[in-house]
Amino acid sequence: MDNETEGLEQGSQPSELSNTAQLIAAAVRAQAAWRGWDQRDISRETGLKPAYISLRWRAERAWSLDDIERISRALNMDVWKFFEAARVQ
């Protein structure tokens with residue numbers, strides 16, 4: 001069982017992301033864009049694979065808390081700002 005489908009019943013597909021997960025993904029994209037970064041920059045600075053980043057960038061999968069922490073360190077920002085941005089939207 002891989003990390004993408006862990007916890008799902010056999011034969012079931014991941015459900016659509018929650019509104020909060022979509023807003024967090026939008027906040028990651030916005031913070032990266034504000035710094036002139038794209039997916040490749042996030043991948044390089046966090047050590048996460050480009051394909052992994054891509055799914056989350058497009059809000060097809062949710063960012064984990066560990067991912068958000070890595071990204072916040074790479075962007076030199078407080079992790080809570082991603083959640084604040086999602087709350088405001």
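For this chain, numbers begin at 1 and follow the sequence in order.
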Heavy-atom neighbours of R40 CZ exceed 12 at 6.0 Å:
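Counting neighbours around CZ of R40, 12 or fewer heavy atoms of other residues, nucleotides or ligands fall under 6.0 Å, so no.
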
Starting at [atom1] of [X], measure out to [atom2] of [Y] and round the result to the nearest 0.5 Å.
X	Y	atom1	atom2	answer
D38	S43	CG	OG	10.0 Å
R58	R29	CZ	CZ	10.5 Å
I71	I24	CD1	CD1	10.5 Å
F83	L65	CZ	CG	5.0 Å

For residues 42-52, which residue pairs pass the salt bridge (Lys or Arg N to Asp or Glu O under 4.0 Å) check, not counting sequence neighbours?
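Residue pairs with at least one partner in residues 42-52: D41-R44.
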
Please tabulate, for side-chain N and O atoms in residues 73-80, each donor-acceptor pair with protein atoms closer than 3.5 Å (sequence neighbours left out).
{"residue": "R73", "atom": "NH1", "partner": "E69", "partner atom": "OE2", "Å": "3.0"}
{"residue": "D78", "atom": "OD2", "partner": "W80", "partner atom": "NE1", "Å": "3.4"}

If you define the side chain from C-beta out and look only at heavy atoms, does anything of T46 sit under 4.5 Å from I53?
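Heavy-atom side-chain distance check passes, below 4.5 Å.
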
Which pair of non-hydrogen atoms, one from A62 and one from R56, has the smallest distance, and what is that distance?
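Distance-wise, the nearest heavy atoms are O-NE, 3.4 Å.
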
Give me the atom names and distance for the closest heavy-atom approach of W63 to A25.
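Of all heavy-atom pairs spanning W63 and A25, the closest is NE1-CA, 3.7 Å.
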
Taking only residues two or more places apart in sequence, or in another chain, which ones meet Q39 in a side-chain hydrogen bond (donor to acceptor under 3.5 Å, both in side chains)?
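Once residues adjacent in sequence are excluded, Q39 has no partner under the side-chain hydrogen bond (donor to acceptor under 3.5 Å, both in side chains) criterion.
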
